[in-house]
Amino acid sequence: MIDVRGLGLRRQGRWLLRDVSVSFKGGQIVGLLGPPEAGKSMLLKALAGLQPFESGHIDGIARQRVGFAFQNNALFDDLDVFDNVALPLRYQQVAPPALRERVLARLRDVELEGAAHNFPKELSGGMQKRLGVARATIAGPQLGLFDEPTAGLDPQTTARILRLLRQLTDQLQMATLVVSQDLPALLPLCDRVLFLHRGRALFFAPPRELATSTDQVVRQFVEGATEGPL
């Protein structure tokens, strides 16, 4: 269990996160929703230890147990697919035979084993997203953070990426947070939904409860994103 209590983050006098209190369980996927500048990216960065916060605390997680797949992929262009995925294990000084076995197994999981010696620029957009997921999960994280892992992808590839996240969440029993604007594809995947607005958590519950939310901001956002009533 990862507990976030009273998290507050301010920049240039403006609160980006305000008194956010939520708990994330291993084996569950949480969809992180909200309009632009709601605080979604700031929360991911705070959870990853990349962004200091002013108030509150995060318990039950160590920075080295966090995997982060960035929206822009953040792949190393001068490393091939194998070495991009292997990088977190090299930092952990995993022995070469075990490292090779683990990397190849994860590349099979994401259907990239045949591209192990290709470079990121040689991959399609969907393959780059899968590579980012592989690198974020290779070290067996307790918490997986995925910022727009399906952005710019066609519906078929989007479904493929989301199925992969479900598979890896179950396999690793990690707590998984996913930011995505594709609500029709994301919501069926989620165990819970966290909705942020102006840095505050307005909703944290199973997605089926969105239909009965009394918060107008939540309902208007979701109905607009799904193009119709919940």
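Scope of the values below: all heavy atoms of this structure, side chains included, with no hydrogens, waters or symmetry mates. In this text, all values refer to a predicted model and were calculated from it rather than measured experimentally.
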Do Val66 and Val179 sit in the same hydrophobic cluster, where Ile, Leu, Val, Met, Phe, Trp and Tyr count as joined when their side-chain heavy atoms come under 4.5 Å apart? yes

Would you mind writing out the side-chain donor-acceptor pairs for residues 126-141 within the sub-3.5 Å range, not counting sequence neighbours?
from: Gln128; atom 1: OE1; to: Asn73; atom 2: ND2; distance (Å): 3.4
from: Gln128; atom 1: NE2; to: Pro120; atom 2: O; distance (Å): 3.0
from: Gln128; atom 1: NE2; to: Leu123; atom 2: O; distance (Å): 3.4
from: Lys129; atom 1: NZ; to: Gln71; atom 2: O; distance (Å): 3.0
from: Lys129; atom 1: NZ; to: Glu148; atom 2: O; distance (Å): 3.1
from: Arg130; atom 1: NH1; to: Val110; atom 2: O; distance (Å): 2.8
from: Arg130; atom 1: NH1; to: Glu111; atom 2: O; distance (Å): 3.2
from: Arg135; atom 1: NH1; to: Ala74; atom 2: O; distance (Å): 3.1
from: Arg135; atom 1: NH1; to: Asn84; atom 2: OD1; distance (Å): 3.4
from: Arg135; atom 1: NH2; to: Asn73; atom 2: O; distance (Å): 3.2
from: Arg135; atom 1: NH2; to: Ala74; atom 2: O; distance (Å): 2.8
from: Thr137; atom 1: OG1; to: Arg106; atom 2: NH1; distance (Å): 2.9
from: Thr137; atom 1: OG1; to: Val133; atom 2: O; distance (Å): 2.9
from: Thr137; atom 1: OG1; to: Ala134; atom 2: O; distance (Å): 3.4

Closest non-hydrogen atoms of Thr158 and Ala185, given as atom of the first, atom of the second and distance, are CG2-CB, 4.0 Å

Tell me, which pairs form a ring-ring contact (aromatic ring centres under 6.0 Å, His included) where one or both residues lie in residues 125-171, sequence neighbours left out? none

Where Leu187 and Pro207 come nearest, the two heavy atoms and their spacing: O-CG, 3.8 Å

State whether the side chain of Gln142 and the backbone N or O of Gly60 hold a donor-acceptor pair below 3.5 Å, judged by distance alone. yes

Under the ring-ring contact (aromatic ring centres under 6.0 Å, His included) definition, can you give me all pairs with a residue in residues 49-78, not counting sequence neighbours? Phe68-Phe70

Check: Phe119 and Val81 side chains under 4.5 Å, non-hydrogen atoms: no

Sole residue of Leu177, Ile58, Asp59, Val22 in side-chain contact (heavy atoms from CB on, under 4.5 Å) with Ile2: Ile58

Verify whether one side chain among Ser23 and Asp3 offers a donor that lies under 3.5 Å from an acceptor in the other. yes

Taking Phe204 as the starting point, is it possible to reach Leu202 by hopping between hydrophobic residues whose side chains are less than 4.5 Å apart? no

Could you label the plane-to-plane angle of the Phe195 and Phe221 rings as parallel, tilted or perpendicular, counting under 30° as parallel and over 60° as perpendicular? perpendicular

Any link between Leu16 and Leu194 through a network of hydrophobic side chains (Ile, Leu, Val, Met, Phe, Trp, Tyr) touching at under 4.5 Å? yes

If you look only at pairs with a residue in residues 197-206, which of them pass as a side-chain hydrogen bond (donor to acceptor under 3.5 Å, both in side chains), with sequence neighbours excluded? none

I'd like to know whether CD of Glu209 has more than 12 heavy-atom contacts from other residues, nucleotides or ligands below 6.0 angstrom. yes

Within this structure, what is the CG-CG distance for the pair Leu32 and Leu145, rounded to the nearest 0.5 Å? 9.5 Å

So do the side chains of Asp80 and Asn118 get within less than 4.5 Å of each other, counting heavy atoms only? no

Rounded to the nearest 0.5 Å, how far apart are CG of Leu7 and OG of Ser55? 6.5 Å

Reported CZ-to-CG distance for the pair Arg102 and Leu89, which is rounded to 0.5 angstrom: 4.5 Å

Same hydrophobic cluster for Leu87 and Leu50, using side-chain heavy-atom links shorter than 4.5 Å among ILVMFWY? no

To the nearest 0.5 Å, how far apart are CZ in Arg14 and CG in Leu9? 10.5 Å

Here the gap from Leu186 atom CG to Leu162 atom CG, rounded to the nearest 0.5 Å, amounts to 6.5 Å

Between Arg219 and Ala211, is there a donor-acceptor pair closer than 3.5 Å when you use the side chain of the first and the backbone of the second? yes

Which pairs would a plain distance check flag for residues 166-176, meaning a side-chain donor or acceptor within less than 3.5 Å of a matching protein atom at least two apart in sequence or in another chain?
from: Arg166; atom 1: NE; to: Asp170; atom 2: OD1; distance (Å): 3.4
from: Arg166; atom 1: NH1; to: Leu189; atom 2: O; distance (Å): 3.3
from: Arg166; atom 1: NH1; to: Asp191; atom 2: OD2; distance (Å): 3.3
from: Arg166; atom 1: NH2; to: Gly27; atom 2: O; distance (Å): 3.1
from: Arg166; atom 1: NH2; to: Asp170; atom 2: OD1; distance (Å): 3.1
from: Thr169; atom 1: OG1; to: Leu165; atom 2: O; distance (Å): 2.7
from: Thr169; atom 1: OG1; to: Thr176; atom 2: OG1; distance (Å): 2.7
from: Gln173; atom 1: NE2; to: Asp170; atom 2: O; distance (Å): 3.1

Quick one: name the residues clustered hydrophobically with Leu153, using the 4.5 Å side-chain heavy-atom rule over I, L, V, M, F, W, Y, and just say none if it's on its own. Ile161

Closest non-hydrogen atom pair between Pro188 and Leu183, with its separation: CD-O, 4.1 Å

Atom CD1 in Ile61, atom CE in Met1: separation rounded to 0.5 Å? 13.0 Å

Counting only heavy atoms not in Arg5 (residues, nucleotides, ligands), do more than 12 fall under 6.0 Å from its CZ? yes

Using a cut-off of 6.0 Å, state whether more than 12 heavy atoms not belonging to Arg100 lie near its atom CZ. no

Taking all non-hydrogen atoms of both residues into account, name the closest pair between Ala86 and Leu99 and its distance. CB-CD2, 3.8 Å

Common cluster, Leu143/Leu164, ILVMFWY with side-chain heavy-atom separation under 4.5 Å: no

With the side chain counted from C-beta on, respond yes when Val178 and Val30 share a heavy-atom pair under 4.5 Å apart, and no when they do not. no

Shortest non-hydrogen contact from Leu33 toward Lys40: C-CD, 3.7 Å

